[in-house]
Every structure is written in structure tokens, then in C-alpha cells.
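Reviewing the structure listed below.
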Amino acid sequence: MHKSLSEFISPIKENKSNIMDSIDPTLIENWRKEQNENREKLKHYDTEPWQKHHRMATELRESDISNNNELRYVAGLDISFVKDKDTACVGIFVFDLADNFKCVYKDLKIVTMNQPYVPGFLAYREAPFLLERLDRLKRLKPKYYPHCIFIDGNGLLHGNKFGLACHVGYYSDTPTIGVSKQLFQVFGLEKNQKHKDRIKNELKKAGDFFELRSKIEGDDTLLGYCYRSTDLATNPIYVSIGNKISWDTCLWILRIVIKNCRIPEPIRQADLGTRKFLANLNKNKNNETDDL
DNA sequence: GCGACAG
DNA sequence: ATCTTGTCGC
């Protein structure tokens with residue numbers, strides 16, 4: 001008749017601390033060391049011909065395979081999960097800017113995570129699966145290998161200045177841009193709160209002005225932008241460069257790939273696509289069990 | 001020491 | 001990340 005209070009409280013906190021306790025601290029130290037070493041080798045400037053003049057492909061020309069003089073193929077990479085399990089769907093979607101943003105390549109796969117999510121080390125959980133998809137794309141359809149990749153997570157906007165987007169950009173040697181929906185805890189608590197307050201005020205001040213950029217910097221270096229991409233959008237996104245791209249070019253592409261939604265289209269499609277893939281799997285599974 | 005912490 | 005209904009507005 002009378003349920004006890006404990007039935008309404010899920011032991012999430014307890015699980016969280018257990019997970020953290022089960023992680024080998026020396027492993028984390030090695031990860032941190034690797035991030036600090038690799039970040040020195042990142043190229044936070046334009047390296048590709050198409051970046052120099054901000055040239056975008058506008059017409060279909062099948063002749064110029066491996067044309068690197070124009071931005072044409074842009075990719076979105078993302079991973080969706082099953083409940084609280086380690087089963088996930090990793091997907092890559094490539095879009096053709098010269099053909100009205102048509103999806104010219106997609107590849108989805110069910111994978112099993114073998115590392116936990118540790119704040120600051122998201123790459124060690126997700127990046128291997130993302131890089132695997134990129135390798136496969138390069139092998140099967142090199143023509144569609146993207147000029148630039150959008151990653152669900154931060155790039156430079158990271159405690160060690162080496163977020164997931166940097167990680168993927170570094171190991172794939174491809175231009176990457178990181179986009180997150182929540183401001184990551186890059187600085188100390190109070191400094192982070194100041195950033196949040198300042199951003200809140202600037203958004204308020206800007207009113208309905210649709211494109212608002214607010215710099216997020218630490219130690220005199222630009223780490224990322226808080227960016228309100230759509231008019232009337234309440235929540236901004238947080239953008240940062242990963243590898244082989246400049247801030248200028250990053251913002252240029254960002255405006256191109258944002259359509260009507262807050263989330264840049266490549267990432268949004270990758271998110272929707274991987275979720276749909278999992279949903280269909282569940283549907284098929286249920287149909288089979290229902291028929292039995 | 002505690003708090004906070006992209007996906 | 002994931003679980004979720006309706007609801008308000010263009």
C-alpha cells in the first residue's frame with residue numbers, strides 16, 4: 001500500500017562513484033600525458049587549399065576527383081547509445097555541398113564500448129570507433145572522404161586543449177570542428193560560472209539577433225565560441241576547432257552547415273541517423289519475439 | 001577537501 | 001549518453 005521512499009530514488013550517484021573508483025588512475029595519467037604531447041602537434045591554422053580562399057563547390061563536376069581546391073564534402077560523426085548499456089551505434093554521414101546537401105555516403109555500425117566515460121577523456125571511449133568509420137570510408141569510397149568533419153564534442157575547448165575533435169582530427173589527419181551543447185568544465189568552478197554568467201548576459205542583450213558569437217578564452221588564447229546559430233534559439237552551442245583549420249574558416253563553414261536548427265546539420269543528421277538505426281533494431285527484435 | 005564535469 | 005508528455009507558438 002505504501003511505497004518506501006527508497007523505491008523512488010535510483011542509485012545513480014552510487015553507480016557513478018563506483019565507476020570512477022574502478023578506473024585505474026595510472027591509465028588516466030597516461031591518457032593525460034598523451035593529450036599533452038599530441039596537442040603540441042595540432043595545426044590550429046588552415047592547411048588545405050580550399051581553406052585559403054573560402055571556396056565552396058557549387059556545381060557538380062565528376063571530373064575533379066580528389067579536388068582539394070574547393071570545400072565540397074562535409075561529414076558528421078556521432079554515437080548513440082542503448083539505455084545505459086555499452087552497446088552503441090556509430091555512424092558517419094557525408095554531405096555534398098555542391099548537390100544541395102545531398103547525403104552521398106552513410107555507414108552505420110553497432111559497436112560495444114570498452115572504456116568508461118571519464119570527463120575530459122571522452123576520446124578514449126569514442127574516438128577509436130569514429131576513426132574506424134573514417135578508415136573504412138577512405139578504403140571503400142575515397143572520393144567521398146570529407147574535406148571537413150564535424151564532431152559531437154569539444155576540440156580546443158578542453159582542459160588539456162585536446163578534446164574529442166582534436167583527437168579525431170589528429171589521428172585521421174583531417175580538418176575537424178567540435179560542437180557541444182553544454183559548456184564543458186574547462187576552468188575552475190568559479191571561472192566557469194563567470195563564463196556562464198557573461199554568456200547569459202550577452203545572449204539577453206543581443207535579443208533576437210540571430211548570430212551571436214561570444215569568445216571563450218583562457219590564458220589569452222581563444223579556446224572556443226559560444227554561438228547562437230538561430231534566431232529565437234534559447235540555447236547556444238559551443239564550437240571549437242579540432243585540427244588543421246583556423247577559427248576564421250571554422251566559422252565560415254559553421255554558417256554554411258547550419259540550416260534551420262541549432263545543431264549543425266551534419267551532426268544533427270548523424271545523431272538522428274544513429275538513433276533511428278537503434279530504434280529499428282529494437283522494433284525488429286520486438287516483432288520477432290512477439291511472433292514467437 | 002569538496003564541487004563540477006563534452007558524450 | 002539515456003528515460004519522457006504535453007505544450008506553447010509560428
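Residue numbers start from 1 in every chain, and the chains themselves are labelled A, B, ... in the order their sequence lines are given, proteins ahead of strands.
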**OP:** Under 3.5 Å for both distances, Watson-Crick or G-U wobble, that's the pair rule; now give the dot-bracket for DNA chain C, with | marking pairs to another strand and [ ] for crossing ones.
**Re:** ..........
**OP:** Check whether A:Phe95 and A:Leu272 end up in the same hydrophobic cluster, where Ile, Leu, Val, Met, Phe, Trp and Tyr are linked by side-chain heavy atoms less than 4.5 Å apart.
**Re:**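 In one cluster with A:Phe95: A:Leu272, no.
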Would you kindly give the [atom1]-to-[atom2] distance between [X] and [N], to the nearest whole Å?
| X | N | atom1 | atom2 | answer |
| --- | --- | --- | --- | --- |
| A:Phe277 | C:dA1 | CZ | P | 20 Å |
| A:Ile79 | C:dT2 | CD1 | P | 11 Å |
| A:Leu157 | B:dG7 | CG | P | 11 Å |
| A:Gln185 | B:dA4 | CD | P | 9 Å |
| A:Lys83 | B:dG7 | NZ | P | 23 Å |
| A:Met113 | C:dT2 | CE | P | 11 Å |
| A:Asn114 | B:dG7 | CG | C1' | 15 Å |
| A:Asp152 | B:dA6 | CG | P | 12 Å |

Subject >> Member of A:Lys244, A:Lys43, A:Arg72 meeting the salt bridge (Lys or Arg N to Asp or Glu O under 4.0 Å) criterion with A:Glu48 >> reply: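 When A:Lys244, A:Lys43, A:Arg72 are each tested with A:Glu48, the salt bridge (Lys or Arg N to Asp or Glu O under 4.0 Å) holds only for A:Lys244.
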Subject >> A:Tyr117 ring over B:dG7 six-membered base ring, under 5.5 Å and 30° >> reply: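 Taking the rule of under 5.5 Å and under 30°, the ring of A:Tyr117 does stack on B:dG7.
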**OP:** Decide, applying a 5.5 Å centre-distance limit and a 30° plane-angle limit (both strict), whether A:Phe81 stacks on C:dA1.
**Re:**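 One would not call A:Phe81 stacked on the C:dA1 base.
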**OP:** Would you kindly check if the NZ (Lys) or CZ (Arg) of A:Lys141 is within the cone defined by 45 degrees around the ring axis of A:Tyr105 and under 6.0 Å from the six-membered ring centre?
**Re:**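 No.
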Could you work out which one of [options] sits closest to the side chain of [X]?
| X | options | result |
| --- | --- | --- |
| A:Ser80 | B:dA6, C:dT2, B:dA4 | C:dT2 |
| A:Asp78 | B:dA6, B:dG7, B:dC5 | B:dG7 |
| A:Phe184 | B:dG7, C:dT2, B:dA6 | B:dA6 |

Would you please say whether a donor-acceptor pair under 3.5 Å links the side chains of [X] and [Y]?
| X | Y | answer |
| --- | --- | --- |
| A:Ser214 | A:Tyr227 | no |
| A:Asn154 | A:Ser180 | yes |
| A:Asp24 | A:Thr26 | yes |
| A:Thr112 | A:Asp86 | no |
| A:Asp96 | A:Tyr144 | no |

Using a heavy-atom cut-off of under 4.0 Å over every strand shown, decide if [X] touches base, sugar-phosphate, or nothing.
| X | answer |
| --- | --- |
| A:Leu164 | base |
| A:Gly178 | nothing |
| A:Asp84 | nothing |

**OP:** For the pair A:Arg133 (side chain) and A:Leu77 (backbone), establish whether a donor and an acceptor sit closer than 3.5 Å, ignoring hydrogens and angles.
**Re:**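 Not at all, since once roles are kept as given, no pair shorter than 3.5 Å links the two residues.
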Original post:
Is A:Thr249 reaching over with its side chain to a backbone N or O of A:Ser246, donor-acceptor style, under 3.5 angstrom?
Top reply: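 It does not hold such a pair.
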Subject >> Nucleic acid contacts of residues 122-131 of chain A, taken as heavy-atom distances under 4.0 Å to DNA chain B >> reply: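 Residues of residues 122-131 of chain A under 4.0 Å from DNA chain B: A:Leu122, A:Arg125.
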**OP:** Kindly state which residues belonging to residues 258-276 of chain A come within less than 4.0 angstrom of DNA chain B, counting heavy atoms of the residue only, listed by number.
**Re:**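 Contacts with DNA chain B under 4.0 Å: none.
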**OP:** Anything under 30° is parallel, anything over 60° is perpendicular, the rest tilted; go ahead and classify A:Trp252 against A:His54.
**Re:**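 A:Trp252 and A:His54: parallel rings.
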Original post:
For the residue pair A:Phe121 and A:Trp31, does the interplanar ring angle fall in the parallel (under 30°), tilted (30 to 60°) or perpendicular (over 60°) class?
Top reply: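 Because their plane-to-plane angle lies in the 30° to 60° range, the rings of A:Phe121 and A:Trp31 count as tilted.
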Original post:
Looking at A:Lys181, does any N or O in its side chain come under 4.0 Å of the phosphate oxygens OP1/OP2 on B:dG7?
Top reply: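 Answer is yes, contact under 4.0 Å.
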